[in-house]
Amino acid sequence: MREELLSIIEKNSRIGINELATMLGKEEIEVANEIAKLEEERIICGYHTLIDWEKTSIEKVTALIEVRVTPQRGQGFDKIAQRIYNYPEVKSVYLISGGFDLLVTLEEKTLKDIAAFVSYKLSTLESILSTGTHFILKKYKDHGTILDKQDEDSREVVTP
Amino acid sequence: MRNFLSDKIQEIKPSGIRKFFDIVVEMKDAISLGVGEPDFDTPWHIREEGIYAFEKGKTFYTSNSGLKPLREEISSYIKRSQNIEYNPNDEILVTVGGSEAIDIGLRAILNDGDEVIIPQPSYVSYAPCSYLAGGKNVIIDLKEENHFKLTPQELENAITDKTKVLILPFPNNPTGAIMEREDLEKIAKIIIDKDIFVMSDEIYSELTYDKKHVSIASIEGMKERTLLINGFSKAYAMTGWRLGYACGPNEIIKQMTKIHQYAIMCAPTISQYAAVEALRHGDDDVNMMRQSYNQRRRFLIKRFKEMGLECFEPYGAFYVFPCIKEFGMTSEEFATKLLLEEKVAAVPGTAFGDSGEGYLRISYAYSIEKLKIAMERLENFITKLRAEKRKAF
Ligand SMILES: Cc1ncc(COP(=O)(O)O)c(C=O)c1O
């Protein structure tokens with residue numbers, strides 16, 4: 001049940017236990033227990049909402065920052081990653097294979113804020129070798145969802 | 001002017017679905033549960049393969065029987081799913097949907113007056129195609145108490161010395177019924193005993209829930225007397241690509257290929273390239289869609305239970321077939337009233353044969369969100385009907 005449950009709530013975390021149980025063909029109590037377990041094991045790490053901020057009046061700028069660092073003895077990349085992810089304006093931090101080491105997503109109100117973060121906070125951290133900042137101009141698809149997709153049914157209304 | 005029309009064609013009634021369709025299109029805000037095709041888009045990698053085929057200029061006819069690599073993939077798919085071996089060279093024909101395979105299969109088999117046993121409720125094309133091919137249709141009315149399976153007794157009763165073919169429509173549209181191995185074994189015994197041929201329409205073979213589809217051709221002694229029909233429409237959400245196939249004894253495939261070669265030439269080339277990709281890399285997509293259909297199926301069954309609407313649990317296709325006899329209306333009256341009053345379109349069971357009277361076909365090729373709204377409306381509707389009935393007493 002675990003994988004199927006996760007695949008449903010990954011797309012719709014607001015679904016009720018009752019409905020979830022029906023769809024899975026399980027008892028509500030079993031499903032509730034399984035979810036509690038998944039939360040406890042930190043397999044479910046949160047329930048978020050996918051928002052297309054561009055359609056709101058709120059200003060947001062998002063940047064992807066490639067970061068090259070010198071890993072530290074005994075701690076590898078973990079310590080520097082932690083230094084970076086502790087900033088609340090940092091939305092995600094991934095360790096990456098290839099030409100650089102960390103990929104940081106940063107969300108701020110303006111371009112200036114991003115520039116300030118990179119030059120004053122990020123670049124000045126010890127063990128950071130270089131950074132490369134890319135601004136996101138438009139989000140087409142996020143979390144597996146096409147943001148501007150119209151859900152129209154192009155089938156004939158009745159077919160055999 | 002003379003009447004230029006064929007008497008035979010004029011004899012055929014237009015499909016009951018068509019009539020209903022005309023009312024539904026008029027209503028803008030109706031929720032339709034009347035669709036017999038998947039709501040998923042064709043998986044992107046399959047569509048992309050179609051695009052590449054265009055780019056590479058694969059815009060010519062293929063061989064009459066279909067692209068060799070496609071026939072090979074079909075052969076290996078049936079081997080791994082049903083453990084039946086068909087030779088891609090002369091036992092497989094690629095057709096324009098399962099639809100064409102049904103048509104030319106019957107034409108290749110039937111002589112005038114041969115009896116064709118058709119269990120109903122079932123897909124709308126068997127009876128007209130058989131009639132056009134000179135067949136005499138013998139209808140078996142399947143029963144809800146048997147979970148709409150074909151029972152050995154029903155089959156025995158329908159067989160005469162003129163019987164030539166049994167059409168075996170499972171997983172079934174519109175009931176959702178399936179036949180399991182032990183059911184098929186009993187049928188196979190009679191078929192072999194009476195020396196009858198089987199046309200097995202397995203277009204929904206990938207869409208069975210909690211139980212795996214079994215083909216009658218996989219039963220000892222049946223491969224040589226079965227035409228297995230399948231296609232890409234339902235499993236891979238490829239209805240508009242118009243691609244299906246038939247597998248069977250070389251002698252029959254050879255005759256079918258003759259008709260196909262003169263009437264059709266070959267199935268759409270681009271679709272054939274896409275279908276190769278579907279068979280090679282489409283398993284995950286099929287699993288994902290099956291899982292999703294199964295969730296909706298469980299949802300509908302539960303809702304019917306809550307409404308007190310009688311419905312046997314179907315294990316195949318993407319239809320449920322609830323019984324509406326308690327309301328004392330014909331299926332058509334019920335469906336029309338449901339459409340006009342609650343704006344929900346479902347197909348009357350009678351569109352699939354007289355034995356569909358008293359039932360409604362509800363398709364779950366729709367998102368859970370849509371189904372939820374539709375079920376609320378249906379519940380309103382039957383609550384109203386029950387209240388009216390009580391008042392009338
Ligand atoms: C039972 C059954 N057989 C055959 C078909 C024909 O499908 P296609 O011609 O798209 O392969 C359908 C389509 O609805 C069906 O429901």
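Within every chain, numbering begins at 1; the chains are lettered A, B, ... in the order of the sequence lines, protein sequences first and strands thereafter.
Other residues, nucleotides and ligands place no more than 12 heavy atoms under 6.0 Å from the CD atom of A:Glu10. Enclosure of atom CZ in A:Arg2 by more than 12 non-hydrogen atoms of other residues, nucleotides or ligands within 6.0 angstrom is indicated.
Here the side chain of A:Arg155 pairs no donor or acceptor atom with the backbone of B:Gly36 at under 3.5 angstrom.
The CG atom of A:Asp153 lies 5.0 Å from the NZ atom of B:Lys370; values are rounded to the nearest 0.5 Å. Atom CD1 of B:Ile368 sits about 6.0 Å away from atom CD of A:Glu19, to the nearest 0.5 Å. Here the CZ atom belonging to B:Arg297 is positioned 12.5 Å from the CE atom belonging to A:Met23, to the nearest 0.5 angstrom. For the atom pair OG (A:Ser154) and CG (B:Asp39), the distance works out to 11.0 Å, reported to the nearest 0.5 Å. Interatomic distance, B:Ser292 OG to A:Lys11 NZ, rounded to the nearest 0.5 Å: 7.0 Å. B:Thr239 OG1 to A:Glu156 CD: the interatomic distance, rounded to the nearest 0.5 Å, is 10.5 Å.
Heavy-atom pairs under 4.5 Å with chain A peak, among B:Ala346, B:Ala365, B:Ala351, at B:Ala365. Of the listed residues A:Asn12, A:Val157, A:Ile15, A:Leu24, the one with more heavy-atom pairs under 4.5 angstrom with chain B than any other is A:Val157. Most heavy-atom pairs under 4.5 Å with chain A: of the set B:Arg303, B:Arg361, B:Arg296, this distinction falls to B:Arg361.
The side-chain heavy atoms of B:Phe21 and A:Thr159, taken from C-beta on, include no pair separated by under 4.5 Å. In this structure the side chain of A:Asn18 reaches within 4.5 angstrom of the side chain of B:Lys302, judged on heavy atoms. Residues B:Val347 and A:Val158 form a side-chain contact, since some pair of their non-hydrogen atoms from C-beta on lies under 4.5 Å apart.
Here the shortest heavy-atom pairing between A:Pro160 and B:Val124 reads CB-CG2, 3.8 Å. The two residues B:Gln291 and A:Ser7 have their closest heavy-atom pair at OE1-OG, 3.7 Å.
Contacts of B:Asp41 with chain A are made by side-chain atoms alone, with heavy-atom separations under 4.5 Å and no backbone atom involved. When heavy atoms are compared at a cutoff of 4.5 Å, B:Tyr293 does not approach chain A at all.
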